Protein chains: 2
Amino acid sequence: MLSFVEENYLKAIYHLSLNGKQEVSTNALAEEMRTTPASVSDMIKKLSQKSVVSYKKYQGVNISEDGRRLALHVIRKHRLWEVFLVEKLNFTWDQVHEVAEQLEHIKSPLLIQRLDEFLGHPKYDPHGDPIPDEHGNLIEKHRQPLDALSIGDQGVMTAVDDSSSSFLKYLDKMEIGIGSNIKVIDFIEFDGSMDIKVDDDKTLTVSSTVAQNILVAID
Amino acid sequence: MLSFVEENYLKAIYHLSLNGKQEVSTNALAEEMRTTPASVSDMIKKLSQKSVVSYKKYQGVNISEDGRRLALHVIRKHRLWEVFLVEKLNFTWDQVHEVAEQLEHIKSPLLIQRLDEFLGHPKYDPHGDPIPDEHGNLIEKHRQPLDALSIGDQGVMTAVDDSSSSFLKYLDKMEIGIGSNIKVIDFIEFDGSMDIKVDDDKTLTVSSTVAQNILVAID
DNA sequence: ATTAATATTTAGTTTAGTCTAAAAAAAATA
DNA sequence: TATTTTTTTTAGACTAAACTAAATATTAAT
Ligand SMILES: [Mn+2]
Ligand SMILES: [Mn+2]
Ligand SMILES: [Mn+2]
Ligand SMILES: [Mn+2]
């Protein structure tokens with residue numbers, strides 16, 4: 001049985017080993033966890049002891065199959081709770097993450113099974129992230145950062161890469177959300193900003209940073 | 001801000017100061033918390049520091065007004081979650097307590113406000129216990145242990161005094177629950193057991209222990 | 001009012017998780 | 001290759017919450 005601190009480390013290791021590939025460095029993990037490399041060194045020894053990661057000194061850490069399963073279980077709970085908060089309790093998508101960080105650590109298989117049923121077995125959370133099933137399988141929808149598209153390309157927004165409240169509120173104000181149709185009208189070399197047309201309606205300019213964090217599917 | 005361990009101590013102190021009146025002894029608290037008197041001694045110093053209890057050495061501990069408010073807030077959350085689990089997730093009344101023990105420590109004012117709305121501002125939990133409002137006010141329904149009634153008396157079951165799974169499952173099997181009409185047919189001096197008629201229908205015998213834990217309202 | 005029994009507190013450890021400072025290894029650079 | 005820089009680990013301390021054993025205070029009993 002993992003403590004909730006251990007669960008959080010494992011989640012971070014899982015996320016980092018997706019982006020950065022395989023081994024996760026002590027420093028990267030320390031940054032992600034907002035703690036010190038010394039603390040991380042201690043913790044990965046514990047996690048290694050529990051065989052949820054494998055670890056050789058100075059070689060970074062690799063998540064194990066067991067670890068991956070556990071991480072995905074916590075992520076499943078996190079995302080199901082986010083759906084619950086939005087669908088049933090009328091939270092906005094920028095209000096759910098903090099609360100889900102707490103709820104994801106509740107231990108009760110029955111609770112999650114019933115919550116999943118209650119929500120109608122949702123496949124995606126409010127930010128467009130896929131919800132792993134009880135076996136850890138997830139259907140990753142095609143997703144590409146908006147700033148990778150060229151002028152004339154268009155796609156449907158499927159997710160955000162940044163779930164910070166400030167970014168999500170900005171999108172709300174611009175009336176951009178999951179499902180919006182986005183077409184690239186112009187690309188400004190100078191600063192990487194883009195002119196886009198949303199839902200064949202309004203045209204607006206978004207910064208390079210914004211474009212990087214909007215994920216779209218091109219069909 | 002209290003840790004979840006401190007919240008549990010405070011809840012226990014609150015409960016004990018209702019039954020046993022005012023001061024709570026170190027030993028009673030240790031037993032309730034399933035820990036040692038030494039640990040309790042340490043903890044009540046901490047709670048006293050945070051002014052949620054008042055405490056003079058060897059004199060037991062008294063909950064403060066602040067402490068009472070905090071305890072009732074945790075109890076409010078516990079009971080609202082129990083209602084949610086039964087009403088929305090189809091848990092049985094004997095399955096909810098353990099999970100609610102975890103959920104009651106989630107910190108989010110918005111969550112509780114919305115949950116309360118979602119549930120339609122329930123006044124009682126699945127065990128018949130009153131749910132404090134956001135200010136800590138609660139409407140204690142009239143409740144009296146069944147074994148205090150005399151032959152011929154009757155009342156409506158309003159709550160249980162023991163929320164253990166085994167007791168609740170027994171009641172389910174006997175088809176006795178909150179709202180059942182119970183009439184005392186006979187009282188056996190020898191062991192304190194009772195013959196009762198439930199809902200003017202079936203007659204059955206319950207032990208003294210069972211009778212103590214069924215709470216009824218006489219009108 | 002002493003003495004005995006019980007309740008409570010203190011002292012000293014333990015474990016989980018964190019930190020800073022220092023040592024050691026690995027990687028980068030000259 | 002030798003040196004410098006960066007990364008990682010170790011050492012030593014700290015806090016929260018627990019425990020056992022010992023000391024002390026309170027209460028009960030003679
Ligand atoms: Mn989230
Ligand atoms: Mn999400
Ligand atoms: Mn309960
Ligand atoms: Mn209850």
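All values below were derived from every heavy atom in this structure, side-chain atoms included, with hydrogens, water molecules and symmetry-related copies excluded. Every value quoted in this text rests on a predicted model; they were computed, and no experiment measured them.
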Give the rounded distance in Å between these two atoms: [atom1] of [X] and [atom2] of [N].
X	N	atom1	atom2	answer
A:M43	C:dC19	CE	C1'	14 Å
B:M1	D:dA16	CE	C1'	17 Å
A:E6	C:dA16	CD	P	8 Å
B:D42	D:dT20	CG	C1'	13 Å
B:I44	D:dA18	CD1	P	13 Å
A:Y58	D:dT10	OH	P	6 Å
A:K45	D:dT9	NZ	P	7 Å
A:L47	D:dT9	CG	P	13 Å

With a 4.0 Å cutoff (strictly under), does any side-chain N or O of [X] reach OP1 or OP2 of [N]?
X	N	value
B:T26	C:dT9	yes
B:N27	C:dT8	yes
B:Y55	C:dT9	yes

Which donor-acceptor pairs under 3.5 Å do side chains of residues 121-133 of chain A form with protein atoms, sequence neighbours excluded?
residue : atom : partner : partner atom : Å
A:H121  : ND1  : A:D116  : OD2          : 2.8
A:K123  : NZ   : A:H121  : O            : 3.1
A:Y124  : OH   : A:I139  : O            : 3.1
A:D125  : OD1  : A:H127  : N            : 2.7
A:D125  : OD1  : A:G128  : N            : 3.1
A:D125  : OD1  : A:D129  : N            : 3.0
A:H127  : ND1  : A:E82   : OE1          : 3.1
A:H127  : NE2  : A:W93   : O            : 2.9
A:D129  : OD1  : A:R143  : NH2          : 2.7
A:D133  : OD1  : A:H135  : N            : 2.7
A:D133  : OD1  : A:G136  : N            : 3.0
A:D133  : OD1  : A:N137  : N            : 3.0

Legend entry - Any donor-acceptor pair under 3.5 Å from B:H73 side chain to B:R69 backbone: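 Not a single qualifying donor-acceptor pair exists.
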Legend entry - Sidechain-backbone polar pair: B:R68 side chain, B:Y14 backbone, donor-acceptor under 3.5 Å: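 No.
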Inset, instruction - With DNA chain C as reference, determine whether A:S3 or B:A28 sits nearer its 5' end, using the nearest nucleotide of each. - result: B:A28
Legend entry - Listed nucleotide nearest any side-chain atom of B:K57, set D:dT9, D:dT26, C:dT9: C:dT9
Inset, instruction - Classify the nucleic acid contact of A:Y9 as base, sugar-phosphate or nothing, counting any heavy atom under 4.0 Å across all strands shown. - result: sugar-phosphate
Inset, instruction - Report which part of the nucleic acid B:K56 touches: base, sugar-phosphate, or nothing (heavy-atom distance under 4.0 Å, all strands). - result: nothing
Inset, instruction - Decide, yes or no, whether a salt bridge links A:K11 with A:E104 under the criterion of side-chain N to carboxylate O below 4.0 Å. - result: yes
Inset, instruction - Quick one: list whatever passes ring-ring contact (aromatic ring centres under 6.0 Å, His included) with B:F187, sequence neighbours left out. - result: none
Inset, instruction - Look at the rings of A:W81 and B:W81 and say which category their plane angle falls in: under 30° parallel, 30 to 60° tilted, over 60° perpendicular. - result: perpendicular
Inset, instruction - Under 4.0 Å from any atom of DNA chain D, heavy atoms only: list the residues of residues 32-39 of chain B that qualify, in numerical order. - result: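 Under 4.0 Å from DNA chain D: B:T35, B:T36, B:A38, B:S39.
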Inset, instruction - Go through the side-chain N and O atoms of B:N27 and B:S25 and say whether any donor and acceptor fall under 3.5 Å apart. - result: no
